[in-house]
Amino acid sequence: MPYDAPIRGFRGDGMITGFLALYIFMLAAFTGYEIIARVPVILHTPLMSGSNFVHGIVLVGAMVALGHATTPAEIAIGVIAVLLAAGNVAGGYVVTERMLEMFKSSKQSDKQ
Amino acid sequence: MPYDAPIRGFRGDGMITGFLALYIFMLAAFTGYEIIARVPVILHTPLMSGSNFVHGIVLVGAMVALGHATTPAEIAIGVIAVLLAAGNVAGGYVVTERMLEMFKSSKQSDKQ
Amino acid sequence: MTLPSYMSTVVDAVYFIAAVLFIWGLKRMSSPRTARRGIVWAGAGMAAAIMVTFLLPGLNNLGPMAIAIVVGVALSWWVGRRVAMTAMPQMVALFNGMGGGAAAAIGAVELIRFNRAFIAIPDTYPIRPEAWAAQTAVPLSAVELALAFLGVLIGAVSFTGSLIAFAKLQGWMDRRFVFPLQRFVNLAIFVIAVACAIIALIAGIEGHAFAWSLLIGFILLALVFGIAMTLPIGGADMPVVISMYNAFTGLAVAFEGFVLQNEAMIIAGMVVGAAGTLLTQLMAKAMNRSLANVLFGNFGGGGEAQEIAGAMKPIDASDAAVMMAYAERVAIVPGYGMAVAQAQHKIWEFAKLLIDRGVKVKFAIHPVAGRMPGHMNVLLAEAGVPYDLIADMDDINPEFSNIDVALVIGANDVVNPMAKTDPNSPIYGMPILDVASCKNVIVIKRGKGKGFAGIENALFYADNTRMLYGDGQAAANELIQGLKALDG
Amino acid sequence: MTLPSYMSTVVDAVYFIAAVLFIWGLKRMSSPRTARRGIVWAGAGMAAAIMVTFLLPGLNNLGPMAIAIVVGVALSWWVGRRVAMTAMPQMVALFNGMGGGAAAAIGAVELIRFNRAFIAIPDTYPIRPEAWAAQTAVPLSAVELALAFLGVLIGAVSFTGSLIAFAKLQGWMDRRFVFPLQRFVNLAIFVIAVACAIIALIAGIEGHAFAWSLLIGFILLALVFGIAMTLPIGGADMPVVISMYNAFTGLAVAFEGFVLQNEAMIIAGMVVGAAGTLLTQLMAKAMNRSLANVLFGNFGGGGEAQEIAGAMKPIDASDAAVMMAYAERVAIVPGYGMAVAQAQHKIWEFAKLLIDRGVKVKFAIHPVAGRMPGHMNVLLAEAGVPYDLIADMDDINPEFSNIDVALVIGANDVVNPMAKTDPNSPIYGMPILDVASCKNVIVIKRGKGKGFAGIENALFYADNTRMLYGDGQAAANELIQGLKALDG
Ligand SMILES: NC(=O)c1ccc[n+]([C@@H]2O[C@H](COP(=O)([O-])OP(=O)(O)OC[C@H]3O[C@@H](n4cnc5c(N)ncnc54)[C@H](OP(=O)(O)O)[C@@H]3O)[C@@H](O)[C@H]2O)c1
Ligand SMILES: NC(=O)c1ccc[n+]([C@@H]2O[C@H](COP(=O)([O-])OP(=O)(O)OC[C@H]3O[C@@H](n4cnc5c(N)ncnc54)[C@H](OP(=O)(O)O)[C@@H]3O)[C@@H](O)[C@H]2O)c1
């Protein structure tokens, strides 16, 4: 009964094992921390919204979860996951883009 | 003839495959770049020497290479690798530490 | 639908590029000049990642999937486009909650499937390895199982907590809900939820199905805990809380990404987790409070009124306009009240008139003015104020003594000198904008209303301060009329 | 030596911690206050990683290994402890070259082993999969094979190139070796080396052994290329080159780390690779040159002397000492000459005497003063100058007009106003320390010697400049005597 296996939709081979995962966790955390530490206060609201958008990548996970769901309960939860994640990704993008669009220097606003 | 296998001294399972390696390369490069971009000019010489020390980790690789060497040629190259790497690691550390030891603020030097 | 095997490499490559673009996009946020391009690139990476996911082999339910995506995207896009700039904080809360919910749901599906795998095996104790080995299914490893549970917990808390934050900021839930022994009750909810998870987890690691009641109880309690934990926190503290939940969602995504073995999710999630943690700390620090104080401190509202000697001296708009028209340097200090009054457009119109007259105008922004970090910057940007006219607190504070008039509009706590002088004040120690050292101060506010911290402000009683009472937008309008009258 | 299986987890955990400590240590280099602790932590991580490596199962040749480690560590430690601070640049080159050589040697061992695996298989074409499958050995994958070659190439170039850089900085190889068609010959060496590698690589991927001659030829040519590429570069450009080879070694370590499947090597190597690349760029930029110009430009020496109107006006040490004794602010601007003369201790002694008299003294450091980035900072730190008396170029440039006396010691190019005024000058466009705007300038140098760029310096002919001729250390000594004479 293959459908009882954990969802391995993303890969069959080359598993990310414990230590590899730790390395990736660690490096990603360092990267995130260092990059964000350079963002000036003036952009903190768009940054919050932008990082909100970035975790919208959860949508691809939700798609795989739904794609491998078989029982009605799983399908229902899967659909909810996809719906929520899609909302996260689209909303996060629109809001961030709208905010950033407004930031202009004197030069740019003169040109208009 | 197991000694002809590539050296897998570090692990038998959980291989780092192509894409995983790419991810680790990418994250480590970002991390290195971001961290070093914050180092002030005043510390650039110790930084150069410090990063020189850090790649001394090649010693563990050299140890594994020598540890799995079987023919005389391999053993000879392996010994050279270990010797050079040991020199890198020790020299890099001493030089960096000596330089950094000298950096003091007015407060610290007053105390002496 | 079978695809050539090289497709899986294409999919992996696209995920990789998407991860790089996310990091790259966030990196470009270090300057307003590059930030927009950055988010557009990140968006392109996201779109590509979503598209190639359809190419993965063995996906079922494609119909519902497509519909759910279209509906979710369309709704959010529409709301996100329409909503007013002042409502941005609650929008971020809403979308963040959705992400947390999605991560929790993915974890729930994984756990349900794990459990279902046991239906075929008689669940005896001690466990019979032959039965288990007969399974074709590869069970989740202990680490994967643990992270799946953790992801569900964190994601669920972020989900309901963010929704409460949304409701509070939207004004649907004005009061804080406080009752005796509340912290104790909350702690109890949390402990029971975690206990359910741990018992189930141990069963899973030993090779047993876990009781459905444990699983369902765990999920429900996690959802309830998110609500319970957020209810007592004041609406004005919500931005800190939202930033924290943003980090939570990031972590939940990373953990579920590990369970699903998807590096893009792991990396994006961890980056957001770290970013959100840092941002939360920065915010709490700028408010001069600890995160614990925000979460459990029952801060704000109430407030023990301290009496201040002196009186507040009013000024009318035309006098104020004249004063600024003949000043050499004017600093405009906006606060939460400007956001409430939506006065940013009028204020910028007024500032432009001053600039045309040769007055040197700067906007002075406190890091926690308003209700979100950078809140004022977004509003001023919306009104079209170029960002090089905007000065940070650290840059402008030494300059205030050279400034002739400071126009404070709807700011209160961030200009309160008692943060420096009164050790009993709840904001004691918070760095403030040092407007008091300007030659003249004009304060626009509606009346004697207190700010977020609920305390009196000695600035309003100072000798060189004049009060211009009125709604922010109306007052700005009157100032504009005053200037225009000057020119005839 | 068989060990319990949990040992492998311990080893992995130690490697992980070491990787974290490396990153953490480099991160702490962002401030001189924390830097030293950082390197000590990184050192602890390194020591732990080396120690646990002995626990790995199946290691042979433990005797030679232990001896090689002890000898290598002892020699380097001894040299590193004894060497003078001014010789630091060449020490970094030497140790970096050793690392590159080690990485190349590891790659060579892997490639030899790969080849030897074929001895058992008749090497027919088309390849017989049965024969290959009969091998118990797992062959290297194409990616691993390619990275092994790349690691050898980069590591070998870094090895011999760094050794040449060392020899040049040590003064063992004073002249640049330039001959006609040199670039063409170098290119040819490189192309042939890469061609050998590619032919061998394709054979390897197709399942054949590669000819020993190809492998040996490749390695030898890579070593020769490192020499050939470094020979024509002037000694003064060596720091940029060393920084580049530092990045090379990092990359080589990362690639061989992938072949050996060791994440700590991959991460440490990549971090250093990125760091070295950035540092190389920063250095080239501060010299206002491109990396290509450094590598292929044959820069320095020669130089078409431009005539400058005016004369150089000498001053004697006692007059100079009096001038500074009664000044309010003095800026000391050291350059390469201070390093040559080892004058940092005397200069600091002199500065302390001035400070005791109430003079405000600052050290003004140009980012590329000397021959390494931060070279002057290290020397001043050695002499005991607290780092808060040291000012960056960007910080001090606006202040020079308020400074009474600038004491330039052994600096030339970094204070040359022609970088601003003469578009034909090789240093045109390089930002300089704006000493010319001080009220008085005193320049200590031995005579009419030119600086690194080999050009005249208009500063020395300016009306407000006086020349104090002499070796840096002797001149500083005379200044000290001059001050002491003042006090009686
Ligand atoms: N930025 C953040 O990230 C963040 C997050 C959480 C909390 N906080 C806190 O929020 C506070 C921010 O300080 P702040 O100075 O910006 O705001 P504030 O202290 O909350 O003061 C706002 C003032 O605006 C006035 N106001 C309200 N509506 C108005 C209208 N329509 N027209 C004119 N005036 C109006 C109010 O007085 P009247 O009622 O008399 O008009 C009030 O005194 C700080 O205490 C900070 O710690 C900030
Ligand atoms: N820092 C780096 O990373 C780096 C790397 C590579 C290249 N560079 C280049 O190096 C140059 C550095 O500029 P700089 O101003 O520091 O040095 P410089 O331009 O090389 O000038 C050094 C001066 O010191 C004098 N001098 C030499 N020995 C002396 C002694 N014993 N006592 C007193 N004076 C002595 C020399 O004149 P006399 O012979 O008349 O005494 C010479 O004019 C720049 O062009 C830079 O681009 C820097």
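Below, chains carry the letters A, B, ... as their sequence lines are ordered, and counting in each starts from 1.
When heavy atoms are compared at a cutoff of 4.5 Å, D/Ile50 approaches chain B by way of both its backbone and its side chain. Interface remark: D/Arg37 contributes no atoms to any contact with chain B (heavy atom separation under 4.5 Å). No part of B/Phe30 comes within reach of chain D, as not one of its non-hydrogen atoms sits under 4.5 angstrom from that chain. If you measure heavy-atom distances from D/Thr277 to chain B, you find no contacts under 4.5 Å at all. Residue D/Val52: no heavy atom, backbone or side chain, is found under 4.5 Å from chain B. For D/Leu94, no part lies near chain B; criterion is any non-hydrogen pair under 4.5 Å. Contact annotation for B/Val58: both backbone and side-chain heavy atoms come within less than 4.5 Å of a heavy atom of chain D. Interface residue D/Met29: backbone and side-chain heavy atoms are both found under 4.5 Å from chain B. Interface remark: D/Met65 contributes backbone and side-chain atoms alike to the contact with chain B (heavy atom separation under 4.5 Å). If you measure heavy-atom distances from D/Val70 to chain B, you find no contacts under 4.5 Å at all. Contact annotation for B/Phe25: both backbone and side-chain heavy atoms come within less than 4.5 Å of a heavy atom of chain D. In this structure, the portion of B/Ile35 lying under 4.5 Å from any heavy atom of chain D is its side chain and not its backbone. Looking at B/Leu83, both its backbone and its side chain come within 4.5 Å of chain D, counting heavy atoms on both sides. If you measure heavy-atom distances from D/Met283 to chain B, the contacts under 4.5 Å come from the side chain alone. In this structure, no portion of D/Glu256 lies under 4.5 Å from any heavy atom of chain B. When heavy atoms are compared at a cutoff of 4.5 Å, B/Ala37 approaches chain D by way of both its backbone and its side chain. If you measure heavy-atom distances from D/Leu26 to chain B, the contacts under 4.5 Å come from both the backbone and the side chain. Residue contact with chain B, scored on non-hydrogen atoms closer than 4.5 Å, involves the backbone and the side chain of D/Ile242 alike.
Residues meeting the salt bridge (charged side-chain N to carboxylate O under 4.0 Å, His left out) test with B/Arg38, sequence neighbours left out: A/Glu34. With sequence neighbours excluded, no residue forms a salt bridge (charged side-chain N to carboxylate O under 4.0 Å, His left out) with B/Arg98.
No other option in D/Ile112, D/Leu380, D/Asn96 has as many heavy-atom pairs under 4.5 Å with chain B as D/Asn96. For the set B/Val54, B/Val89, B/Leu47, the entry with the most heavy-atom pairs within less than 4.5 Å of chain D is B/Val54. Between chain B and the options D/Met393, D/Glu382, D/Met46, D/Lys27, the largest number of non-hydrogen pairs under 4.5 Å is found for D/Met46. With chain B as partner, the option from D/Ala19, D/Ala268, D/Ala247 having the largest number of non-hydrogen pairs under 4.5 angstrom is D/Ala268. Top candidate by heavy-atom pairs under 4.5 Å with chain D, chosen from B/Ala29, B/Gly67, B/Ala85, is B/Gly67. When the candidates B/Asn52, B/Leu27, B/Ile36, B/Leu100 are compared by the number of heavy-atom contacts under 4.5 Å with chain D, B/Asn52 comes out ahead. Between chain D and the residues B/Thr45, B/Thr71, B/Ile77, B/Val79, the most heavy-atom pairs under 4.5 angstrom are made by B/Thr45. The choice from D/Gly97, D/Ala102, D/Gly276, D/Gly269 that makes the most heavy-atom pairs within less than 4.5 Å of chain B is D/Ala102. The greatest number of non-hydrogen atom pairs below 4.5 Å with chain B, out of D/Val253, D/Val73, D/Val271, D/Asn246, is found for D/Asn246. Here D/Ala68 is the residue among D/Ala68, D/Ala74, D/Gly250, D/Ala252 with the most heavy-atom pairs under 4.5 Å with chain B. Most heavy-atom pairs under 4.5 Å with chain D: of the set B/Thr31, B/Ile80, B/Leu59, this distinction falls to B/Leu59.
D/Leu75 places a side-chain heavy atom less than 4.5 Å from the side chain of D/Val71. Inter-residue side-chain proximity for D/Ile267 and D/Phe22 is flagged as unmet; no heavy-atom pair is nearer than 4.5 Å. Side chains of B/Thr96 and B/Met99 form no contact here, defined as non-hydrogen atoms less than 4.5 Å apart. For the pair D/Asn377/D/Ile365, a side-chain contact is recorded, criterion being any heavy-atom separation below 4.5 Å from C-beta on.
Aromatic pair D/Tyr245/D/Phe248: centroids less than 6.0 angstrom apart.
In this structure, the side chain of D/Ser162 does not engage the main chain of D/Phe159 through any donor-acceptor pair within 3.5 Å. At distances below 3.5 Å, at least one donor-acceptor pair connects side-chain atoms of D/Asn262 with backbone N or O atoms of D/Met265. At least one donor-acceptor pair closer than 3.5 Å links the side chain of B/Glu74 to the backbone N or O of B/Thr70. Proximity of a side-chain donor or acceptor of D/Ser158 to a complementary backbone N or O of D/Gly100 within less than 3.5 Å is not detected.
When each of D/Leu59, D/Ile106, D/Asn61 is tested with B/Leu66 by the rule side-chain contact (heavy atoms from CB on, under 4.5 Å), just one qualifies, namely D/Asn61.
Annotation: cation-pi geometry not satisfied between D/Arg81 and D/Trp78 (NZ/CZ under 6.0 angstrom from ring centroid, within 45° of ring axis).
Nearest heavy-atom pair, D/Phe95 versus D/Ser76, reported as atom, atom and distance to 0.1 Å: CE2-OG, 3.4 Å. The minimum heavy-atom distance linking D/Ile39 with B/Tyr93 is given by the pair O-CE1, 3.4 Å.
Using modelled atom types and a 3.5 Å distance limit, the side chains of D/Asn60 and B/His68 yield no donor-acceptor pair. Using a 3.5 Å distance cut-off with no hydrogens or angles, the side chains of D/Tyr15 and D/Thr53 do pair a donor with an acceptor.
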